[in-house]
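Working notes for the structure below.
First listed ligand is number 1; within each ligand, the first listed atom is number 1.
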Amino acid sequence: MRTDDMEMIIVFDNNTGDDRLLAMWGFSCLVKTAAGNWLFDSGSNGPVLLGNMNRLGLDPATVKWFFLSHPHWDHLGGLGSLLEKNPALELFLPQSASTHLVMDLRRLGATVTVIGERATAIGPGVFSTGVSGEPAEQALVFDTPAGGVMLVGCAHPGVHRLARQASSILGKKLLLACGGFHLFREDEPGIAKVIDELERVPVATVCPCHCSGEQATAMLAARYGKCCLPGGVGSQLVLAQVVQQARDGYR
Ligand SMILES: [Zn+2]
Ligand SMILES: [Zn+2]
């Protein structure tokens, strides 16, 4: 997958630097690729998700694929509203999602693929890590010449473990890890250990969002410097620029 025309826009998050947008607990990120647009998770609230997308000039009808990291309310809540606008969506759900939810979504006309424990190719150059951990969660991974691009929801299995899995699926380093790193209840030594592990993968750039926590975000910024990219709803990551950032390095 080429990075030239790849872009990620955070459309739902509990942090924001943009007054036009509503910040609520949860996470969702739109990924533009040459093949079409992915929506990763859907935040906690449909009208807020669609309102943010609208203010960012993003049409829900242009989303081709929806990927759910794990079936927690703050990642799943916007899906109903998205499906109303776009019933032809193709969905990739983790096996931790309720079978009733899967049946209901199919009844609404959506195409649903349920992902199990194994790493799975879900498109050209696009992978799920497979579900792991408790609560069970999958990460979305794009294979690019500059390294893997990984999106995580809450990273309940551990963001460093998901990063290691993503890297081993592709057989290359990660260019970017973005999403909720779930370190908001972790103490300083615990956070430092996770950052060490991320560097060991290695992960070249990070964009901590959602449940990463203020302390972890500050510690990542201190360690990664400019390679720690600002998250929050409205943040836009142009992959060609991220590649340049990774190349310039931070040391
Ligand atoms: Zn969450
Ligand atoms: Zn969660």
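Between Arg161 and Glu197 there is no salt bridge, since no side-chain nitrogen of the basic residue lies less than 4.0 Å from a carboxylate oxygen of the acidic one. For Arg107 and Asp104, the salt-bridge test passes: some basic side-chain N is under 4.0 Å from an acidic carboxylate O. Asp18 and Arg55 are not joined by a salt bridge, as no carboxylate oxygen comes within less than 4.0 angstrom of a charged side-chain nitrogen.
Taking 2.8 Å as the criterion, Cys211 does not count as a coordinating residue of the Zn ion (ligand 1), since none of its N, O or S atoms falls below it. Residue side and main chain included, His182 places no N/O/S atom under 2.8 Å of the Zn ion (ligand 1).
Taking CD1 of Ile9 as the reference point, atom CD of Gln236 lies at 5.0 Å (rounded to 0.5 Å).
Note: angle at the Zn ion (ligand 2), from SG of Cys154 to NE2 of His156, is 90° (rounded to 10 degrees).
If you look at His70 and ask which of its N, O or S atoms sits nearest the Zn ion (ligand 2), the answer is NE2. Residue His72 approaches the Zn ion (ligand 2) most closely through its N/O/S atom ND1. For His75, the N, O or S atom closest to the Zn ion (ligand 1) goes by the atom name NE2. Taking the Zn ion (ligand 1) as reference, the nearest N/O/S atom within Asp74 carries the name OD2.
The aromatic ring centres of Phe40 and Phe67 sit less than 6.0 Å apart.
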Evaluation steps, side chain to side chain contact (heavy atoms under 4.5 Å, CB included), between Met8 and Val31: CA-CA 4 Å; Met8 292 161 46; Val31 184; 4.0 Å; yes

